[in-house]
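Structure first, then comments.
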Amino acid sequence: MIKENALLKRLFFLLFCSVFLIVFACSPESTPTISNQTEVLSTEYTEVTETLEISEETLEISPETDALITEIVTETPAESVVETPESIESPLQTETVDSEETIEETAEETTPTPEYAGTIALTFDDGPGKYTERLLNIFKENGGKATFFVVGNRASYQKNILKRMTDEGHEVGNHTYSHLSLKEIEYDEAVDQISRAKTIIESATGVDNKLVRAPYGDLNADVKEIARELNVSLIHWSLDSFDWMTRDAQLVYDELMSRVKDGDIILLHDIHESTVEAMEMVIPELVNKGYKLVTVSELLTETRDSLSPGAVYSKK
Ligand code: ZN
């Protein structure tokens, strides 16, 4: 009986324990089992470890980077920091500065033009010479046009200079082929002197040439008749600079500037260095005084419709 009771107690105890365990294990809101708790703790531990590892990688600074930071901090001058606002100019500020500069430049370019003083034609005979291109440069720098009465036998091997004259707006006239006095030679030879030079000039410039200046200004009835036949006009002058005689830049300047007036055709020679030196003073000064420097054709057609073949012109 005692054995049966003891056995029964053990059965009840086991049953109780089984029921207790079943109830706890099946309850959805039950406290996690030891196994579950261990799993949760393990997962959390892994996540924390990974986070720590990531943080360490992120914060890890290589020795090179560390040295660079030290260098920037210790060597960057304080002035650089102060200048930064000026360095970072906005596009608006830059445009403003540019506009101011443009306005200044425009103001320089638009200096008041001098009052009109007259129209004149500077004419240069006997070239092209070795100073002719220097003279062309003076006109290019200062503005104004000229007329070059070239000698045919010089022009024949310097056609490029004649072309430049035409390209830059100057006029090329005929000063005969070999600079002979037309009234001292035979009629046919005079015709040949003008015709040969005319052909050379036209082949170099591509422009029909209708102006002749007679060497030494020597004219007579025959020369005028030849000019009519060849459909050219004879161009004399109203102001002789005497540059061919004085050969002195200052004297040429004085002579020309003291006598110049509206409508003048001025006689000069670009084969003399002194004449070209004088032009370095004369041309800018004439422009500043309000003179328009034009070609002979432009000057003469200011007051007449056209030029007559065989006629002699010496001023506007
Ligand atoms: Zn001459």
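Just follow the structure's listing: the first ligand is 1, and inside any ligand the first atom is 1.
At a cut-off of 2.8 Å, His179 is counted among the residues with an N, O or S atom near the Zn ion (ligand 1). Residue contacts to the Zn ion (ligand 1): Asp125 brings no N, O or S atom closer than 2.8 Å.
Between His179 and Arg154 there is no side-chain heavy-atom pair separated by less than 4.5 Å. Taking 4.5 Å as the limit, every side-chain heavy atom of Thr199 sits out of range of all side-chain heavy atoms of Glu202.
In this structure, Arg213 and His236 approach most closely via the heavy-atom pair NH2-O, 2.9 Å.
Between the Zn ion (ligand 1) and the N, O or S atoms of Asp126, the shortest distance is to OD1.
Separation of atoms CG (Leu239) and CD (Glu255) is listed at 7.0 Å; rounding is to 0.5 Å.
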